[in-house]
Amino acid sequence: MGHSQSQTARAWRRFRRNRLGYWSLVVFAFLVVVSLASELVSNDKPLLVRYEGQLYVPMLHDYPETTFGGDFQTPTDYLDPYITERLSKDGNWAIYTLNRYGANTLNYFAKAPSPSGPSRDNWLGTDDRGRDLLAQLLYGFRVSVLFALALTVVGVILGVLAGAVQGFFGGKIDLAFQRFIEIWGSMPELYLLIIFSAIFAPSVALLLVLLSLFGWMGLSDYVRAEFLRNRQLDYVKAARALGVSNWQIIWRHILPNSMTPVVTFLPFRMGAAILALTSLDFLGLGVPPGTPSLGELLSQGKNNIDAWWISISTFAVLVITLLLLTFMGDALRDALDPRKMDT
């Protein structure tokens with residue numbers, strides 16, 4: 001245990017010495033935390049309102065317009081100039097988020113037709129439906145990262161399990177698995193996505209299941225190779241001689257020593273998952289309509305060439321995200337390089 005902890009500590013020190021990879025991790029973690037708190041950063045509802053001596057929390061409760069001096073029982077539109085004026089005079093006040101638009105907020109009071117360019121109200125402009133582009137990017141980034149993380153976790157579990165079984169038992173089991181992977185890998189993944197999207201209603205869960213069916217095969221090859229090598233080592237032979245069961249040998253002895261390729265490929269797998277989701281959304285095969293999506297914004301940019309702010313902003317978010325993940329993966333690979341384990 002102590003030896004494993006010392007190796008982990010040395011790997012972390014090597015990772016930190018790679019300044020580009022380390023600061024990429026810091027920046028990416030900051031962006032993920034901000035996106036997870038999107039409702040507190042970009043929302044069309046104030047965080048807190050004081051009106052006629054009473055406090056209201058619009059983010060937790062929907063209040064009718066009549067609560068703040070309006071004429072209708074419909075939910076309050078806090079972007080309405082009349083409501084804004086009511087909340088800013090006679091001792092009333094409201095604390096707004098940094099960006100006063102939600103993921104699907106339509107700016108009915110915009111001064112320019114949609115899509116409109118960057119302005120004081122919409123810092124990055126609006127899309128062709130009048131939605132704030134900054135809010136779309138923030139919420140879309142969160143959807144992409146969470147989807148990529150879920151797809152990576154499922155792919156790692158399936159890939160490690162398949163690779164471990166092949167590599168440890170070998171023989172006919174390994175041969176049968178390899179033939180199955182060859183057949184399964186030749187399936188037309190895009191055609192299957194098109195067919196299933198026509199049969200079932202689009203959903204993030206369906207997309208996660210379909211992509212998970214194919215996303216584990218690449219990793220299983222690396223895990224299989226590690227198990228084929230490690231199962232011949234002396235500590236495995238000693239465990240067998242002591243009567244330790246096969247699954248205990250796999251779980252407690254070989255797997256911890258075969259995780260280097262798994263950990264190393266995590267950032268690259270997340271980047272590939274984000275790119276896959278964006279591509280499918282661009283083709284209209286991704287998340288359900290109304291869900292914030294980077295791919296949909298790219299499609300809007302293609303359809304609205306004059307609205308350059310849509311394409312440039314979305315492309316910048318994608319490039320920065322993929323670069324951060326690539327730098328992290330390179331630094332992680334160098335930190336776990338067995339040739340540098342003693343440095």
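For reference, positions follow the sequence shown, starting with 1. Please read these numbers as outputs of a predicted model, since none were measured by experiment.
Hydrophobic clustering of Ile, Leu, Val, Met, Phe, Trp and Tyr side chains at less than 4.5 Å, counting indirect connections, unites L208 with F196. No continuous path of ILVMFWY side-chain contacts below 4.5 Å connects L324 to L322, so the two sit in separate hydrophobic clusters.
Contact check for T84 versus L79: no side-chain heavy atoms found under the 4.5 Å cut-off. For the pair I249 and I254, the minimum side-chain heavy-atom distance is below 4.5 Å. Using a 4.5 Å heavy-atom cutoff, the side chains of P288 and V204 are in contact. Within the 4.5 Å cutoff, the side chain of L211 has heavy atoms near those of the L280 side chain. With contacts defined as side-chain heavy-atom distances shorter than 4.5 Å, the pair L40/M59 qualifies. Counting heavy atoms from C-beta outward, Q136 and N104 have side chains that approach closer than 4.5 Å. Between L161 and V223, the closest side-chain pair of non-hydrogen atoms is not below 4.5 Å.
Ring orientation note: the planes of F28 and F141 are nearly perpendicular, at an angle over 60° on the 30°/60° scale. The aromatic rings of F15 and W12 lie parallel to each other, with less than 30° between the two planes, well short of the 60° mark.
Shown here are the side chain to side chain contact (heavy atoms under 4.5 Å, CB included) partners of A148, two or more places apart in sequence or in another chain: M270, A273, I274. Partners of F214 according to the ring-ring contact (aromatic ring centres under 6.0 Å, His included) rule, which considers only residues two or more places apart in sequence or in another chain, are W184.
Within a 6.0 Å radius of CZ in F315, no more than 12 heavy atoms belonging to other residues, nucleotides or ligands are found. For CH2 of W251, the number of neighbouring non-hydrogen atoms (other residues, nucleotides, ligands) closer than 6.0 Å is 12 at most. Counting non-hydrogen atoms of neighbouring residues, nucleotides and ligands closer than 6.0 angstrom, the CZ atom of R229 exceeds 12 such neighbours.
Looking at Y51 and R86, their side chains do bring a donor and an acceptor atom within 3.5 Å of each other.
Salt-bridge check for R224 with D221: failed, with every basic side-chain N at 4.0 Å or more from each acidic carboxylate O. In summary, R142 and E39 engage in a salt bridge, as defined by a charged side-chain N under 4.0 Å from a carboxylate O.
L207 contributes atom CG, which lies 4.0 Å from atom CZ of F147 (distance to the nearest 0.5 angstrom).
Ring-centre distance between F68 and Y56: below the 6.0 Å cut-off.
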Derivation and outcome, side-chain hydrogen bond (donor to acceptor under 3.5 Å, both in side chains), residues N99 and D132: CA-CA 9 Å; N99 185 45; D132 182 72; 2.8 Å; yes

In sequence, state the C-alpha distance, the side-chain angles, and the governing distance for L98 and W123, and then conclude on side-chain contact (heavy atoms from CB on, under 4.5 Å). CA-CA 11 Å; L98 186 63; W123 299 343; 4.0 Å; yes

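Checking each of D77, T76, T105, D62 against K45 for a side-chain hydrogen bond (donor to acceptor under 3.5 Å, both in side chains) leaves exactly one that passes, namely D62.
The side-chain tip of R231 does not point at the ring of F168 from less than 6.0 angstrom away and within 45° of straight on.
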